[in-house]
Asker: 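Dropping the structure in here first, questions after.
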Amino acid sequence: MADPDNRPFAIRQYAPDQLREALRRMYLIRRFEEGAEQSYMRGLIHGTMHLSIGQEASAMASCIELSDQDKITSTHRGHGHCIAKGADVGRMFAEFFGKETGYCHGRGGSMHIADVKTGNLGANGIVGGGIPIAVGAALSAKKLGRPDVTICFFGDGANNEGAFHEALNMAAIWKLPVIFICENNKYGMSTPAAYATAVPNIADRAAAYAMPGVTVDGNDFSAVAEAVHNAIARARAGEGPSLIENLTYRWRGHSKSDRNRYRTKEEIEDWIAKDPILRFRAELITHGILDEAEAGAIEAAAAEAVEQGIEFAKQSPAPSVTDVTRYVYAEA
Amino acid sequence: MTTREISYSEAIREAMAIALDSDPAVILMGEDIGTYGGAFQVTLDLIDRYGPERVMDTPISELGGAGVAVGAALTGLKPIFEFQFSDFAALAMEQIVNQAAKLRYMLGGEASVPVVFRMPAGSGTGAAAQHSQSLEAWFGHVPGLKVVQPSTPEDAKGLLLAALADPDPVLIFEHKLLYKMKGPVPEGAYTTPIGKARIARAGRDVTIVAGAIMLHRALEAAEKLAAEGIDAEVIDLRSIRPIDHETILASVRRTGRLMVVYEGVKSYGVGAEISAMVAESDAFDYLEAPILRLGGAEAPIPYNPDLERVAVPQTDGIEAAARSLVRGEV
Ligand SMILES: Cc1ncc(C[n+]2csc(CCOP(=O)(O)OP(=O)(O)O)c2C)c(N)n1
Ligand SMILES: [Mg+2]
């Protein structure tokens, strides 16, 4: 075992059970998305989807300290956030399969996956759409005297939407308990962040809104957890918002129709070698949180949960077509 | 002029290439329209042929991007701005509605905004509520804008070239399900006049007005009805603003029955406008049955494929509705 003082933040900060659960959820995200991808190829899922494979540490480390009262707003690449926040993969698959038992009763699909009960206010089909909503959730917490914080996920592409700038400014002037987490995976669809964004680091934009901004290695679980921990402490103390930029990478194409013409195979392979799950797993083993066999068992359990989730979705009933206008308004 | 079969998206691309070749003021702007070739591969290789100076990828900034296009159009350029999905024009409403549409008028005719907005629209792709809307009627409500909706490859090219030649802002609603559809398209430059509908199928018993994908469903329904001796006239609306009163009214006077089929939400839409046009005219006296609107459900577009299907008019529904209308069952 390494010298306790030099141990990574996450190992010092969290109980072994919490860390094992974090690893389990990261595997669950990976296996879930692989399962979704296979189901799509088998024609069980239609439409499109955006996979976050390769970005699991960013999702999980950002959510590790959150309770169900804390909120998140997510993005079109939101499966990881949803699972990290505690959603059930069976109901997620059911949604992807368009079933009534899905989180959105088959109306939303992958791009609108949400789990309001665990504080996930939803993925979003509109880039940047969730950013002001997160600020609104933080405003509720402050005005209603609740201690919850809101984590707002968005991509590097979203930081060029007007909504981002307007929302950060309001969060800052009203000192709201919100943490803006930019998952910078280098591209918005095909457009490099380096081309589309005037500043070298998206975290630099925090200066314009008088809030702290940090850039961290988004594939380093502990680095993300530490940055988010500090931002949550600041938010709960009433000191206002923070901006965190997690540098990461999506292994898969942007969506189901991406020919990957804007990046090289070498670049993709380089990042696959930086697998955030293997890295976290190795760290937990190094620090004696678990051993190889336990890690293997966690991985296998995640695969099993995904199989069961797919089965649940397959067995679930579809919504009735006569209910096409149901949920447009509150039911009397 | 020789004609060959090409797809709707090829036809649009060909129009853009003709424009880029013939007018140095033309530029293309939009998200991922360069290397990626556009979300629907409409711009495809134009970046290779014309370079990034003329095929400009914008950041994900719809309000700003549309506004930059408006400002450039005001001052000598002729931008063709692609919204990746027409739904995202909601983020740019300010520049389209408050600026582009009104600048000429507010400035007493001293300014011109020759911008073209390309709007991939419609449902049927499983992309759910925020990527499947048919919002053309929104823009039809705004004086200063022109709104067209090609249903064939030939018109997709001709209307885009007409839009470019037009001194005012034009929005072109391209139906996503049509991009791969092939049809005869003349080579070289030509324009399809904005504001002119087209009789796609002549008939005596009922007038069906439809646009974009609905035109094809209406034509299919008409063929089925023909087997039963019901002879439907199908009008390809093509232009929502300005709208072709003459063609529609003349047809209603001939058939005595009107049905409007459109994908947008039924209420407050294209159907209301056309119905009112007939009700306010002498053609009303020729009606032998109530006017029938067949539009989208009063709901966002759902994800589940069966729900998605019933949320907008389909061929069988059009066929059944036209049959009851002609048989006096409405
Ligand atoms: C307002 C809006 N514009 C464009 C799109 C199309 N679109 C969906 S995701 C995406 C790229 C987003 O990039 P980024 O924010 O970096 O997130 P990532 O996909 O990399 O996770 C684009 C252009 C959209 N959904 N909404
Ligand atoms: Mg990105």
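In this text the structure is predicted, and so the values were computed from the model without any measurement. We name chains A, B, ... by the order of the sequence lines, and we start the count at 1 in each one.
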Asker: Report which part of A:Asp258 has an atom under 4.5 Å of a heavy atom belonging to chain B: side chain, backbone, both, or neither.
Answerer: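 When you check distances to chain B, atoms from both the backbone and side chain of A:Asp258 fall under 4.5 Å.
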Asker: Using a 6.0 Å cut-off, check whether atom CE of B:Met56 has over 12 heavy atoms from anything other than its own residue.
Answerer: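 Result for CE/B:Met56: open.
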Asker: Could you give the distance from CD (B:Glu62) to CD1 (A:Ile126), rounded to the nearest 0.5 Å?
Answerer: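 Separation between the atoms: 8.0 Å.
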Asker: Would you say B:Glu329 has more than 12 foreign heavy atoms packed within less than 6.0 Å of its CD?
Answerer: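 It does: B:Glu329 CD has more than 12 such atoms within range.
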Asker: For chain B, which residues from residues 73-81 of chain A have at least one heavy atom closer than 4.5 Å to it?
Answerer: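 Interface residues of residues 73-81 of chain A: none, nothing closer than 4.5 Å to chain B.
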Asker: Going through the checks in order, is the side-chain contact (heavy atoms from CB on, under 4.5 Å) test met by A:Ser257 and B:Tyr36?
Answerer: CA-CA 10 Å; A:Ser257 49; B:Tyr36 198 92; 4.1 Å; yes
Asker: For the interface with chain A, which of B:Thr125, B:Leu307, B:Asp57 has the highest count of heavy-atom pairs at distances below 4.5 Å?
Answerer: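 With the most close heavy-atom pairs to chain A, the winner is B:Leu307.
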Asker: Could you state the interatomic distance from CG (B:Asp32) to OH (A:Tyr262), rounded to the nearest 0.5 Å?
Answerer: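 Here the rounded value is 8.5 Å.
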Asker: Tell me which of these, A:His254, A:Arg107, A:Lys99, has more heavy-atom pairs under 4.5 Å with chain B than the rest.
Answerer: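 Result: the option with the highest number of such pairs is A:Arg107.
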Asker: Looking at A:Thr197, A:Asn159, A:Asn124, which one has more heavy-atom pairs under 4.5 Å with chain B than the rest?
Answerer: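 Of the candidates given, the most pairs with chain B belong to A:Asn124.
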Asker: For the side chain of A:Arg261 and the backbone of B:Thr35, is there at least one donor-acceptor N/O pair under 3.5 Å apart?
Answerer: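 Confirmed, A:Arg261 side chain pairs with B:Thr35 backbone.
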Asker: Between B:Ser61 and A:Glu161 (side chain of the first, backbone of the second, donor and acceptor by atom type, cut-off under 3.5 Å), is there such a pair?
Answerer: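 Judged by distance alone, no pair lies under 3.5 Å.
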Asker: Of the backbone (N, CA, C, O) and the side chain (C-beta and beyond), which part of B:Ala90 lies under 4.5 Å from a heavy atom of chain A, both, or neither?
Answerer: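 No part of B:Ala90 comes within 4.5 Å of chain A.
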Asker: Could you name the residues of residues 183-196 of chain A that have a heavy atom within less than 4.5 Å of a heavy atom in chain B?
Answerer: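 Against chain B, the residues of residues 183-196 of chain A that fall inside the cut-off (heavy atoms, under 4.5 Å) are A:Gly188, A:Met189, A:Ser190, A:Thr191, A:Tyr195, A:Ala196.
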Asker: Considering heavy atoms only, which positions within residues 315-326 of chain A lie below 4.5 Å of chain B?
Answerer: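 Those residues of residues 315-326 of chain A which have a heavy atom under 4.5 Å from chain B are A:Ala318, A:Pro319, A:Ser320, A:Val321, A:Val324, A:Thr325.
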Asker: Taking the six-membered ring where the residue is Trp, are the ring centres of B:Tyr303 and A:His46 under 6.0 Å apart?
Answerer: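 Yes; A:His46 has its ring centre under 6.0 Å from that of B:Tyr303.
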Asker: Got a sec, which pairs hit salt bridge (charged side-chain N to carboxylate O under 4.0 Å, His left out) with one end in residues 295-314 of chain B, sequence neighbours left out?
Answerer: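 As it turns out, the salt bridge (charged side-chain N to carboxylate O under 4.0 Å, His left out) pairs with a partner in residues 295-314 of chain B, which skip direct neighbours, are B:Arg309-B:Asp316.
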Asker: Looking at B:Leu63, B:Asp87, B:Val310, B:Thr58, which one has more heavy-atom pairs under 4.5 Å with chain A than the rest?
Answerer: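 Going by pairs under 4.5 Å, I would pick B:Val310.
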Asker: Are A:Met111 and B:His131 close enough that some pair of their side-chain heavy atoms sits under 4.5 Å apart?
Answerer: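 Side-chain contact under 4.5 Å: yes.
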Asker: So do A:Val127 and B:Phe88 actually touch side chain to side chain, heavy atoms under 4.5 Å?
Answerer: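 Heavy-atom side-chain distance check fails, nothing below 4.5 Å.
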